[in-house]
Amino acid sequence: MRLIRLLNKSGVVSKCFTTHFSLQTSASFHKETASDMRKCSPWMFLPIVFSVFTAAGLWVVYFIAVEDEKITPLNSEYRRSGPKSPPYISIAGNAPPASCVFSQVVNMAAFVGFIIGVLRYLQLKARVHKPWLNIGSLVALSLACFGMTLVGNFQLSNDEELHNIGTSMTFGLGTLFCWVQSVITLKVNMRNEGRKVGIPRFLLSGAVTSCMLLYFALMAQRLHMHAARAQWALVMFFLGFLATFAVEFRHYRFEIVCSDDQDPPLSLSETFSEISEYQSDQL
C-alpha cells in the first residue's frame, strides 16, 4: 500500500500502473469469453443447421424447376400467355425431378422442426408461469409441421385442396408460433437475454405476418409474380426466426433418460459407459 501511495503522489508511474491493470482485465475478459464459448452446448447448432439446410434445399428445388423451364425466374416478369408458371414454391416442387427433392426437403424439415419445438417446450416448461402459452406454442408448431408434410407429399397437381389446407396450416399456425414465442421470450428473460433476443423475434414475426398478408392479398388480385416473391420472403423469414433458438439452446444440454419402475433413471451417457465396460470385460 505504501508503494502504491508513493507512485500515485509522483504522478508519473500511475498511468503505467493503470495501463497494466487494464491489460490484465482485458486478458481475463478474453479468457472468460473463450471459456464461455467452449461451454456452449452443441444443441445450439441444431436450429442453425435446420434453417440453413432447409433454405438451401428449397432453393435447389427452385433452380431445378427453372432449369427445366417449369417456372419463371423470380427476377423476371411473368406472362400469363407463356408456357412457364409463376415461381411459387409449391409449383416449383410440383413436377419431377424437382418434386422428389421438394418432398424430401419438406418432410425432413417438418421432422426436425417438430424436434426443435419439443426441445423448446422442455426448455421453457419450468420457467413459464402460464403453461397454456408454452403448450399452445408446441401445439401450433406441431400442426404447422404436419401441414408441411401435407404440402410435401400431396403436390398441387395431384390434390390441390389438401395441398392448400397444408399451406394454410403451415403459414397460419407457423405465424402464430412466432408471435407466442416472441412474447414468451420477453416474459421469461432467460439469462437476462430476453430483450436482446425478443426484439429481433418481434421484428421477424412482424416480417412473417406482413409477408403472409401480402401474399394472400396479391394472390387475390392475381399478381402472381409479386405474390411468389412474398411467399419466398415469408419462408426465409420463418426459417430465420427458428434459427434464433440457437441463442437459448447454447445454455442447455438435452439428454435421453431411460428409466424403469424399479431401477433409478439411467441416462444415455451412462448406458454407453456400461456397454463399453461390458465389451472390455468380454475381451
Side-chain angles (χ1 to χ4, degrees), residues 50-74 78 80 82-118 136-178 208-209 211-239 241-242:
F50 161 77
S51 299
V52 171
F53 276 84
T54 302
L58 292 176
W59 284 111
V60 168
V61 172
Y62 165 78
F63 286 117
I64 291 175
V66 170
E67 187 68 22
D68 291 343
E69 298 184 350
K70 300 291 184 181
I71 61 173
T72 305
L74 285 168
Y78 170 65
R80 296 182 182 180
K84 299 180 183 179
S85 301
Y88 292 107
I89 299 176
S90 299
I91 296 180
N94 192 37
S99 61
C100 304
V101 181
F102 180 69
S103 297
Q104 185 68 19
V105 170
V106 173
N107 287 328
M108 290 297 296
F111 174 70
V112 180
F114 173 73
I115 292 177
I116 293 175
V118 172
S137 175
L138 176 61
V139 171
L141 184 61
S142 300
L143 292 176
C145 291
F146 177 72
M148 291 173 62
T149 61
L150 296 180
V151 172
N153 296 321
F154 297 92
Q155 276 76 27
L156 194 63
S157 58
N158 296 329
D159 196 331
E160 183 177 355
E161 183 177 359
L162 196 57
H163 182 91
N164 290 333
I165 291 174
T167 302
S168 301
M169 291 176 62
T170 302
F171 290 164
L173 295 173
T175 304
L176 176 63
F177 170 80
C178 292
V208 169
T209 305
C211 290
M212 184 183 66
L213 296 176
L214 186 61
Y215 164 71
F216 286 113
L218 293 171
M219 279 279 292
Q221 298 178 13
R222 298 185 180 276
L223 299 175
H224 295 293
M225 200 66 191
H226 298 294
R229 292 166 181 165
Q231 186 188 54
W232 278 97
L234 163 63
V235 173
M236 294 302 114
F237 281 128
F238 182 69
L239 292 176
F241 183 93
L242 293 177

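Ala233 is linked by a side chain to side chain contact (heavy atoms under 4.5 Å, CB included) to Cys211, Phe237, counting only residues two or more places apart in sequence or in another chain. Residues satisfying the side chain to side chain contact (heavy atoms under 4.5 Å, CB included) test with Val118, not counting sequence neighbours, are Phe114, Leu122, Leu138. Under the side chain to side chain contact (heavy atoms under 4.5 Å, CB included) criterion, Thr149 pairs with Asn107, Ala110, Phe146, Asn153, sequence neighbours left out. Glu160 meets the side chain to side chain contact (heavy atoms under 4.5 Å, CB included) test with Leu156, Asn164; sequence neighbours excluded. Residues passing the side-chain hydrogen bond (donor to acceptor under 3.5 Å, both in side chains) test with Thr175, sequence neighbours excluded: none. Take Ser168 and apply the side-chain hydrogen bond (donor to acceptor under 3.5 Å, both in side chains) test, not counting sequence neighbours, and it matches no residue.
Nearest heavy-atom pair across His163 and Ser90 is NE2-OG, 2.7 Å. Shortest non-hydrogen contact noted between Gly117 and Leu141 is CA-CD2, 3.4 Å. Between Phe102 and Gly152, the closest heavy-atom pair is CE2-CA, 4.0 Å. Of all heavy-atom pairs spanning Ile71 and Ala92, the tightest one is CD1-CB, 3.9 Å. Heavy atoms only, all atoms of each residue included: Gly174 and Ala144 are closest at N-CB, 3.9 Å. What you find for His224 and Tyr88 is that their closest heavy atoms are ND1-OH, 2.9 Å.
Identified under the side-chain hydrogen bond (donor to acceptor under 3.5 Å, both in side chains) test for residues 96-105, with sequence neighbours left out: Ser103-Gln155.
The closest side-chain heavy-atom distance from Val208 to Phe177 is not below 4.5 Å.
The CE atom of Met236 sits 10.0 Å away from the CD atom of Gln231 when rounded to the nearest 0.5 Å. We find the CG-OG1 distance between Leu162 and Thr167 to be 9.5 Å, quoted to the nearest 0.5 Å. To the nearest 0.5 Å, atom CG of residue Leu213 and atom CG of residue Leu218 are 10.5 Å apart. To the nearest 0.5 Å, the span separating CG on Leu214 from CG on Leu234 amounts to 10.0 Å.
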For this session: Step by step, work out the side chain to side chain contact (heavy atoms under 4.5 Å, CB included) result for Met225 and Thr72.
Result: CA-CA 9 Å; Met225 200 66 191; Thr72 305; 4.2 Å; yes
Less than 3.5 Å apart, which donor and acceptor atoms pair up between the side chains of residues 53-68 and the rest of the protein, not counting sequence neighbours?
residue : atom : partner : partner atom : Å
Thr54   : OG1  : Phe50   : O            : 2.7
Tyr62   : OH   : Leu74   : N            : 2.9

